[in-house]
Structure formats: structure tokens, C-alpha cells
Protein chains: 2
Amino acid sequence: MFMAMAAPNPDPLAGFPAGFLDGFTSREVGKGQLLATPGQALNQVFIVRSGRLRVYLASDARELSLSILEPGDIFTTHTPTFVRGLEPASLWVIGIREFAAKLTGAPTVAPLMMKVLGRILDNAVSLVEDLAFRDVPARLARFLMRQAERRGEQGPEGCVLPLDLGTEDIACLLGTTRQSVSSLINQWQREGVLSRRGRRALLIHDLPALAARSLAQG
Amino acid sequence: MFMAMAAPNPDPLAGFPAGFLDGFTSREVGKGQLLATPGQALNQVFIVRSGRLRVYLASDARELSLSILEPGDIFTTHTPTFVRGLEPASLWVIGIREFAAKLTGAPTVAPLMMKVLGRILDNAVSLVEDLAFRDVPARLARFLMRQAERRGEQGPEGCVLPLDLGTEDIACLLGTTRQSVSSLINQWQREGVLSRRGRRALLIHDLPALAARSLAQG
DNA sequence: CCGCTTCCGTCGGCCAGCCGACACTCCGGC
DNA sequence: GCCGGAGTGTCGGCTGGCCGACGGAAGCGG
């Protein structure tokens, strides 16, 4: 559903030729620190080494997260989005011109970039689909199912999801409000579909029930 | 607002090295003919030579156009979208593997592809922004302004827009309904902002008024 | 232990805009 | 001219979900 949400990569550099990082510089981003804004002149490409970053759009009154970047993800400041540290993170950074030069120098990387960009585009399209076609319950159900696929750990009572996101954060990812997410989760809790597991984790009891809820409303 | 809506290009091949089309085959697409669907196995890259194509998403009950492709635009069937001829069109086509090989062989094309993909992504993001942040009047106003910029012709009474799209088509591009678009256009007509110019063209009298309407609602 | 801050749950009011229905206009074919 | 189909204009009813408000719970520093 969201850009650049590949499974966390144990080796962030798999797929890049040896020495590809020559010319990159290192950079730290603090929690809550702004890395990029729409329309800024500075054009850079970066690869996440550790930590998480939030990619989002903002209007006067609201924010909409497009993606959470994780180690191994590649992105650029040359987009009409904000990028902000969700927690302390460290990056490899390079200017976009130098990066392009690197690409022409190492032709095997071009298809890889196509693949990365393709995945980001797929995710953006998928977000459009959600906003245009699905109501809030379906969006939330789909989100939870994807998370279960990505990071769920099978326990005795069901699938444990370490979301590490607050209600508000989830609402931002889904293009809805804190209140709507809250009331839905509690309703499903009453219905026995899932239950809270501490402050920022969920326990899914009934995955099929979630699947059913993800289909409603054409 | 929409993918791949560059100004119509008098020479669709500007920017490609000579002989780049070697290996492409020619293909005609009839009006209303389906060229690509989500999940199809066939992966191709194509460049539009003439005519227009519609790129869109569909659910059970509704359709949402992402873009209208025009001569010079480049796209791929490897996306979770439908692509359909809006009028008779002709294309250059190549397999995606061969295309990738071409890229590594002609390294100057890689940055160009990055640029194309970047533009498509920007447009997708812009569509997300519209769906998430703007109400229908603002979306319509923005759409008309972009069209005026792209293809408007200054006449004595204002700017003439040859949209070549019906009310329903416009609604599809904006993620709304025929009825909403219709009533807005007529309301603005009554207010003197614009007027109909035959069946599928508009005459914009008051561009600033449109601009004002494009801002409403954060 | 106690205050303070942040996050979470819930309720009711309200409204943008979707939907169905129907009449009208335009246009091409014969 | 006549007919049929496609596109257009308009109206009311209905509802998903946003918004403001407020009280409760959980974490945290002292």
C-alpha cells in the first residue's frame, strides 16, 4: 500500500556492486528533524543505513504519510514531499548529479534503479486506489493485513504486530483521522477480531475476518 | 495533476539518441481497445507515436483516470493499471527486458528514464494530494487552470480550452461524479467565470476567479 | 507518591458529495 | 423529418466520516 515498504533488509546494500558507496557521505538525522521539503533547491539521493524516516505530504490543516523508509530503502530529496526522521537515523548521501554519473558509469545499476522507482510508483498508485475506491474500514483492514505479512510474528493466540506507531500515525498513513481509527480498532476488539498488546502493538486473532473487512465498499 | 501530461511534443523522439528505436516494433491500438490490464504477464515498454491513450484504475463500481498519454509519452504495461485507446493510436513497442538491455547499452538514456519516471511519480503524488486535501471544486478549478496553461488559446473573449473530453471523462480524471462536475460548471457559468463553447470546449473569462476557487479547503 | 503531559476512547452535530431518478438537448442515421 | 441513443442539467435524500469536545488512562519526572 505504501511506497518503499520492502521487508527490512538485513544487508542494506545487497544488489549494489562493491564500492558503489564511494563518493557518498554519511549523515545523521535526529528524531523529528526535517530532511527535505517540497521545492527545496538541494537535490540529493540517499540510502537509509539505520532508523526510520517518514515521507509525507502536508496541507494547511492535515498531513498524509506516503511511506515509512527503513534501512536499505533509497529515496531522493527531489520530490514534492516532506521527509522527516521518525527516530534517530543515519544515511548515506550523494548529490543527484553525481548519482546520475555513477549510474552511467555502472550500467548494471540502471535496471536496479528502474526496479526501485517502479516499486515506489506501484505503491503510490496503490495509495491512490485506496483513497479513491475504499472506505476507511477497508483501508485499515488492508493496512493491518500488510503489516501482518511484513512483520507479524505467529504466537499461540494469533499474529503479533509490533506496529511502533501511535493511533495518529496510522491515521496519517491511511488518510483519515485519529478518531476513526480508534473507534474501528475498538469495535473490532469487541468483535474478537484483534486485541491491543501493550501500547503500540496489536494481536490479530482472526485474519480471515480482517480480510472480509478489507473488501467492503467498491 | 496527472501523470505524463507533458505538452504535446512535435517530435516525439527528441532526447533519444539516433537509432534508439531499433528493435522496437510498431503497433496500432483502436478506439476503446484495451492495451494493458493489471496483473498481466506481458511486460512491455511503449512510446506513443500518435493518438491518445487513457491510463486508469478500476474497481467494481467506478473508474479513476490517472493520465491521458499523448504522442511522445513513454509508459509500460508493467503497472497495476488499465491502458486503453481513447482514439485510434499507434505505438512503438519493445519488451521490458530488451529495453533494459538497451539502457545498459546506451548509458545516456538512463538519466532520461529517471527523469521520465520522476515526472510520472510527481504526477501520481500530485493526484494523491488532490484526493486527500482538496474538495471537488478546487480539483476542478486546478484541472481547468492546468489545461489552460497547456493547451489554452487566447481569444478576444478569454482563453479557449479544447478539452475533447465529456463531462463523465473529466469526472473520472478528478475522482468525482458526472453530476458534481456538471453542476459546478453550470454554476460557474452563471457566475460569469466561464462558458461552454460547443459540446467539448470551454471559454474561460475570468482566470483569477478560477485561481481563487482552486485554493478553497485545506 | 503526585502532578503533568501525551495519548486514547467516545459521543453528537454537521456537511460534502454520492446516488438514483428524470427530463431535456444534441446529433447521426435512415 | 423522425427516431433513438448518448450526453447533459438538476433535484433531494442519504450517509461516511470529519470535527470539536471532553474525560479517562498511561507514562514520566521529580
Side-chain angles (χ1 to χ4, degrees), chain A residues 31-32 58-64 86-87 130-143 163-191 193-203 213-218, chain B residues 31-32 59-64 86-87 130-143 163-191 193-202 213-218:
Chain A
K31 171 172 176 173
S59 74
D60 299 338
R62 200 167 349 154
E63 295 184 357
L64 174 67
L86 198 57
E87 56 198 55
D130 263 26
L131 288 176
F133 296 146
R134 284 183 253 282
D135 62 13
V136 173
R139 299 217 283 275
L140 179 58
R142 282 164 66 82
F143 171 72
L163 286 179
D164 276 322
L165 296 169
T167 314
E168 181 108 47
D169 300 317
I170 297 174
C172 261
L173 280 165
L174 301 178
T176 179
T177 60
R178 185 186 68 74
Q179 292 97 315
S180 299
V181 172
S182 172
S183 64
L184 275 171
I185 286 183
N186 281 78
Q187 182 186 330
W188 293 350
Q189 201 164 350
R190 269 173 248 124
E191 293 168 1
V193 177
L194 46 76
S195 52
R196 283 206 169 277
R197 214 54 170 184
R199 198 73 158 174
R200 16 190 61 201
L202 286 177
L203 174 61
R213 271 156 244 261
S214 77
L215 292 177
Q217 316 302 51
Chain B
K31 173 172 176 171
S59 75
D60 299 338
R62 200 165 352 151
E63 295 184 356
L64 174 68
L86 198 57
E87 57 197 53
D130 264 25
L131 288 176
F133 297 146
R134 284 184 253 282
D135 63 11
V136 172
R139 299 217 282 277
L140 179 57
R142 282 164 66 83
F143 171 72
L163 286 178
D164 277 322
L165 297 169
T167 314
E168 181 109 45
D169 301 318
I170 297 174
C172 261
L173 280 164
L174 301 178
T176 180
T177 60
R178 186 187 67 74
Q179 292 96 318
S180 299
V181 171
S182 172
S183 62
L184 275 172
I185 286 184
N186 282 78
Q187 182 186 331
W188 293 350
Q189 200 164 351
R190 270 174 249 122
E191 293 168 2
V193 177
L194 47 74
S195 51
R196 283 205 169 277
R197 214 58 173 179
R199 198 72 158 174
R200 14 190 63 200
L202 286 176
R213 270 156 245 262
S214 77
L215 292 177
Q217 315 302 48

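Side chains included, hydrogens not; waters and symmetry mates left out as well; all remaining heavy atoms used. A, B, ... follow the sequence lines: proteins, then strands. Residue 1 opens every chain.
If you measure from atom CH2 of A:W188 to atom P of C:dG9, you get 14 Å, rounded to the nearest angstrom. Nucleotide C:dA16 holds its P atom 14 Å from the CZ atom of B:R139, rounded to whole Å. B:D135 has its CG atom 16 Å from the C1' atom of C:dC14, to the nearest Å. At whole-Å resolution of the value, CZ in B:R178 and C1' in C:dC22 are 11 Å apart. Across the protein-nucleic acid pair, A:E168 atom CD and D:dA26 atom C1' stand 17 Å apart, rounded to whole Å. Between the CZ atom of A:R62 and the P atom of D:dC18 there is a distance of 7 Å, given to the nearest Å. In this structure, CG of A:L140 is placed 14 Å from C1' of D:dG17, rounded to the nearest angstrom. In this entry the distance linking CG of B:D164 with C1' of D:dG7 reads 15 Å, nearest Å.
Among the nucleotides D:dT8, D:dG20, C:dG20, the one closest to the side chain of A:Q179 is D:dG20.
Judged by distance alone, with hydrogens and angles left aside, the side-chain atoms of A:N186 form no donor-acceptor pair with the main-chain N or O of A:S183 at under 3.5 Å. A:R139 places a side-chain N or O within donor-acceptor distance of the main-chain N or O of A:L174, the cut-off being under 3.5 Å.
Here B:N186 reaches the OP1 or OP2 of D:dT10: one of its side-chain N or O atoms lies under 4.0 Å away. For A:S180, no side-chain nitrogen or oxygen approaches OP1 or OP2 of D:dG17 to under 4.0 Å. Dashed line: the shortest gap from a side-chain N or O of B:T177 to OP1 or OP2 of C:dC18 is under 4.0 Å. OP1 or OP2 of C:dG17 has not a single side-chain nitrogen or oxygen of B:T176 nearer than 4.0 Å. Residue B:R196 places at least one side-chain N or O under 4.0 Å from the OP1 or OP2 atom of D:dG9. Contact annotation: A:S183 side-chain N/O to C:dT10 OP1/OP2 distance is not under 4.0 Å.
Here the side chains of B:R213 and B:V193 are in contact, with some heavy-atom distance below 4.5 Å.
Under 3.5 Å, the side chain of B:R200 and the base of D:dG7 form no donor-acceptor pair of N or O atoms.
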Side chain to side chain contact (heavy atoms under 4.5 Å, CB included) between A:L163 and A:R200: does it pass, once the steps are laid out?
CA-CA 6 Å; A:L163 286 179; A:R200 16 190 61 201; 5.5 Å; no

| field | Stepwise side chain to side chain contact (heavy atoms under 4.5 Å, CB included) check, A:R196 with A:I185 | value | CA-CA 9 Å; A:R196 283 206 169 277; A:I185 286 183; 4.3 Å; yes

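A residue-by-residue look at A:R199 and A:V136 shows that A:V136 has its nearest nucleotide of DNA chain D further toward the 5' end.
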